Amino acid sequence: MKKTAAELRSQRWFATQDLRGFGHRSRILQLGHEREDMEGKPVIAILNTWSEVNHCHSHLRERAEEVKRGVWQAGGFPIEMPAISLAEVFQKPTTMMYRNLLAMETEELLRSYPVDGCVLMGGCDKTGPGLLMGAISMNLPAIFVPAGPMLRGNWQGRTLGSGSDAWKYWDELRAGRITERDWQQIEEGISRSPGTCMTMGTASTMTGIIETLGFSLPSASTIPAVDSGHARMAKASGRRIVEMVWEDLTPRRILSPQSVDNAIRVLMALGGSTNALIHVIAMAGRAGIPLNLDRFEELGRQTPYLVNMRPAGQYLMEDFHYAGGMAALMEGMGALLHRDALTCTGRTLGENVANARIHLPDVIRTPGNPIQPEGGLRVLRGNLAPDGAVIKANAADPRLLQHTGRAVVFDNYDQMAARIDSPDLDVDADSVLILRNAGPLGGPGMPEWGMLPIPKKLLRQGVRDMVRISDARMSGTSYGTCVLHVAPESFVGGPLALVREGDLVRLDVAARRLDLLVSEEEMTARRAAWQPPAPRFARGYGAIFSKHIRQAPQGCDFDFLEGTAPTAEPEIH
């Protein structure tokens, strides 16, 4: 049933004929709007994560105007509101520490103001999950406008991909195989436009997942940021959110166990970022949908890897979009997906993608011709990761996927940085590099330190991959045989805290195992001698974070924000 104007949430502010209603209306008039703008029109909050420090979102000021145009066209009343901008590479210790702050801000902005629906504008790694987590909790109609990927990079006629080629050429510089001038030219050519990383990093993985969950228009997630189609998509999203308000199409009507399964399958088909496991668990949790690592492993075994993109493959986001984008991928996946899942269009996923076609079959494969028969991510368990760990197997050296080696242990990032290139470091190509105290509490905020650098003396010998293990995350643009998210983390006494230099560590990806080859008696003795480190924060947001953050397998959400417990609407006094 369509809502009536009297049922709009915003009318609690604007329709009352009392002193408070007078104040609300007079202030809207003070802003230069008309009475008609607040009388029976859906009020649409445009939550914009633009800022002058956020490189990925530098075009969102302009896009917000296009969203507003669409809202006005559909008979709505747009109000732009700034939200905290999580700028990868700049924000320390990590944007992951502030994802939950963005989620809290989103929820409270929507609750505390006269808003009937919202447009969520973002794209840089943690922004999409943070915005959507808050919108799911508030449960007002919401649509996501992704920032879009940047243009491909260029250096001396070679195509550059965000992150992936930075790591690659940094190793070549450290090995003495390119010059400082080469490095500067790469620096100048790798990021050439507004937008998010154009590899299948965390940003593109998460915008693709958000589209799969049903919160963006079809193939919105792959349109390059500077393509004119991106502006048209923003305007169309503005028009659609007004219709969603009248239809009362809320996030918890869209999000379901079936749509979450779709998201996991698309993650595996994309060969996407390991970070997605944390974010999908957190988003599902906000809707009260239970989800654990075993579900990722179960669906990953059933879902082939289909999208040939860096860092695991060959192509970049422009290629993916011109090949047909997310809609073509999902149409090609056929019965692997729950095609009757509801989306923000008011139609099912199957209806949305029914006319999509794959135009470049080397970029987007189908299940009948996969790149690999299983998804790229693998969940590991064992005595070193009793609560789980993850590896992006399709971005690893195949010869290392079954490996035993001596542990070289770093207690923290600074110690690693100080020791890694020392000529005296006792390390060889078969060693296993271990970084601990880099998890949700230990980092703090679980920084993207998981792609530990290869020691310089090994680089000069031609080594380009090693087994690396940590309780950290790694950038979705990274690659290599990196075991991540080891849980419980070492900072709270997980087994990673008990590893000593020279211990043998065994990785067996096919068996989904990660084990420390030390007797249980020795582990018990080490555990008894272990002393917990001092807390990272004494005050402020850091103290709240430290008290309430969950571990990686629980989505790193705050314990008091999970689930669907109601929060009362504000009194209008």
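Heads up: numbering here begins at 1 and tracks the sequence. If you're wondering where the values come from, they're calculated on a predicted model, not measured in any experiment.
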Asks: For M333 and V266: C-alpha separation, side-chain torsions, deciding distance, then whether side-chain contact (heavy atoms from CB on, under 4.5 Å) applies.
Replies: CA-CA 9 Å; M333 290 176 70; V266 164; 4.1 Å; yes
Asks: Can you tell me if N308 uses its side chain to pair, donor with acceptor, with the backbone of Q314 under 3.5 Å?
Replies: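 Pair found, side chain donor or acceptor close to backbone of Q314.
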Asks: Just wondering, do I46 and M121 contact through their side chains at under 4.5 Å, heavy atoms?
Replies: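 Contact flag for M121/I46 side chains = yes.
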Asks: So, for D387 and L293, which heavy atoms are closest and what is the spacing to 0.1 Å?
Replies: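 Reported closest heavy-atom pair: O-CD1, 3.7 Å.
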Asks: With a 4.0 Å cut-off, would you call E36 and K41 a salt bridge?
Replies: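 Looking at K41 together with E36, the answer is no, because their closest N to O distance does not fall below 4.0 Å.
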Asks: Do side-chain atoms of T212 reach the backbone of G208 as a donor and acceptor pair under 3.5 angstrom?
Replies: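 Yes, because the side chain of T212 sits within donor-acceptor range (under 3.5 Å) of the backbone of G208.
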Asks: Would you give the length of the straight line joining atom CG of L360 to atom OH of Y322, rounded to the nearest 0.5 angstrom?
Replies: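 Result: 11.0 Å between the selected atoms.
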Asks: CG of L102 to CD1 of I84: how many Å apart, nearest 0.5 Å?
Replies: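 One gets 7.0 Å once the value is rounded to the nearest 0.5 Å.
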Asks: Hey, does the side chain of T205 reach the backbone of S273 with a donor-acceptor pair shorter than 3.5 angstrom?
Replies: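 Yes: the side chain of T205 pairs with the backbone of S273.
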Asks: Does atom CH2 of W50 have more than 12 heavy-atom neighbours from other groups under 6.0 Å away?
Replies: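 Check passes, neighbour count above 12.
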Asks: Which distance, rounded to the nearest 0.5 Å, do you find between the CZ of R9 and the CG of L110?
Replies: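 CG of L110 is found 8.0 Å from CZ of R9.
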Asks: Would you confirm whether E7, through its side chain, and T4, through its main-chain N or O, come within 3.5 Å as a donor-acceptor pair?
Replies: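 Between the backbone of T4 and the side chain of E7 there is a qualifying donor-acceptor contact (under 3.5 Å).
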Asks: When E318 is tested against each of R152, R192, R310 for salt bridge (Lys or Arg N to Asp or Glu O under 4.0 Å), which residue passes?
Replies: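 Testing each of R152, R192, R310 against E318, the sole residue satisfying salt bridge (Lys or Arg N to Asp or Glu O under 4.0 Å) is R152.
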Asks: Is the CD atom of E569 crowded by more than 12 outside heavy atoms at less than 6.0 Å?
Replies: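 More than 12 within 6.0 Å, yes.
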Asks: Spell out, as yes or no, whether a donor-acceptor pair under 3.5 Å connects the side chain of E331 to the backbone of M326.
Replies: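 Judged by distance alone, no pair lies under 3.5 Å.
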Asks: Calculate, to the nearest 0.5 Å, the distance between atoms CE and OG belonging to M198 and S164 respectively.
Replies: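 Reported to 0.5 Å precision, the distance equals 9.5 Å.
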Asks: So that I can tick it off, tell me whether E448 and R473 are bridged by a salt bridge, with the cut-off set at under 4.0 angstrom between side-chain N and carboxylate O.
Replies: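 Yes, this pair counts.
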Asks: Keeping E351 on the side-chain end and T348 on the backbone end, is there a donor-acceptor pair under 3.5 Å?
Replies: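 Yes, the answer is positive, given that a donor and an acceptor are paired below the 3.5 Å cut-off.
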Asks: Of the non-hydrogen atoms in S216 and P146, which two are nearest, and what is the gap between them?
Replies: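 Result for this residue pair: OG-CD, 4.0 Å.
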Asks: Could you check whether any side-chain heavy atom of P82 comes within less than 4.5 Å of a side-chain heavy atom of N48, counting everything from C-beta outward?
Replies: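 No; the side chains remain at least 4.5 Å from each other.
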Asks: Might you point out which heavy atoms bring G450 and L484 nearest each other, and give the distance in Å?
Replies: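 Nearest heavy atoms, G450 then L484: CA-CD2, 3.6 Å.
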Asks: Quick one: do E107 and R111 make a salt bridge, cutoff under 4.0 Å?
Replies: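 Yes, E107 and R111 are salt-bridged.
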Asks: Looking only at side-chain N and O atoms, does S10 offer a donor or acceptor that is under 3.5 Å from a partner on D116?
Replies: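 Yes.
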Asks: Charged N to carboxylate O under 4.0 angstrom, D261 versus R295?
Replies: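 A salt bridge is present here (some side-chain N lies under 4.0 Å from a carboxylate O).
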Asks: Is the NZ atom of K168 crowded by more than 12 outside heavy atoms at less than 6.0 Å?
Replies: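 No - once you tally the heavy atoms of other residues, nucleotides and ligands closer than 6.0 Å, there are 12 at most.
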Asks: If you measure from CZ on R240 to CD on E247, what distance do you get to the nearest 0.5 Å?
Replies: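 That separation rounds to 4.0 Å.
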Asks: Below 3.5 Å, can you tabulate the donor-acceptor pairs from side chains in residues 365-377 to any protein atom, sequence neighbours excluded?
Replies:
residue: R365; atom: NH1; partner: N369; partner atom: O; Å: 3.4
residue: E374; atom: OE1; partner: R512; partner atom: NH2; Å: 3.0

Asks: Side-chain contact, heavy-atom cut-off 4.5 Å: Y113 with I79?
Replies: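 Answer no - side chains too far apart.
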Asks: State whether the number of non-hydrogen atoms from other residues, nucleotides or ligands found under 6.0 Å of R61 atom CZ is greater than 12.
Replies: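 No, not enclosed.
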Asks: Would you check if the side chain of T199 reaches a backbone N or O of S162 as a donor-acceptor pair within less than 3.5 Å?
Replies: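 Answer holds: yes.
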Asks: With the side chain counted from C-beta on, respond yes when L213 and I254 share a heavy-atom pair under 4.5 Å apart, and no when they do not.
Replies: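 When only atoms from C-beta onward are counted, I254 and L213 do not touch, as no gap falls below 4.5 Å.
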Asks: Counting only N and O atoms by type, is there a donor-acceptor contact under 3.5 Å from the side chain of H338 to the main-chain atoms of V260?
Replies: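 Checked: no pair found.
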Asks: Determine whether a donor-acceptor pair (N or O, by modelled atom type, separation under 3.5 Å) exists between the side chain of E211 and the backbone of A220.
Replies: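 Yes; at least one donor-acceptor contact below 3.5 Å.
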Asks: Do the side chains of R339 and M330 get nearer than 4.5 Å, heavy atoms only?
Replies: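 No. Closest side-chain heavy atoms not under 4.5 Å.
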Asks: Going by an N to O cut-off under 4.0 Å, is there a salt bridge joining R301 and E297?
Replies: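 Counted as a salt bridge, because a side-chain N and a carboxylate O are separated by less than 4.0 Å.
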Asks: Taking all non-hydrogen atoms of both residues, which atom of A135 and which atom of A142 are closest, and how far apart?
Replies: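 Heavy-atom minimum between the residues: CB-CB, 4.0 Å.
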Asks: Quick one: pull up CE in M133 and CZ in F558 and give me the separation to the nearest 0.5 Å.
Replies: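 Reported to 0.5 Å precision, the distance equals 9.0 Å.
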Asks: Quick one: closest heavy-atom pair of R99 and C556, and the distance?
Replies: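 R99 and C556 have their closest heavy atoms at NH2-O, 3.0 Å.
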Asks: If we ignore hydrogens and angles and just use 3.5 Å, is the side chain of T303 paired with the main-chain N or O of R265 as donor and acceptor?
Replies: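 Flag not set: sc T303 to bb R265 has no pair under 3.5 Å.
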Asks: Mind listing the closest non-hydrogen atom pair of R253 and D248 along with its distance?
Replies: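 Taking R253 first and D248 second, the nearest heavy atoms are NH1-O, 3.0 Å.
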Asks: Using a strict threshold of under 4.0 Å (side-chain N to carboxylate O), is an ion pair present between D557 and R286?
Replies: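 Looking at D557 together with R286, the answer is yes, because their closest N to O distance falls below 4.0 Å.
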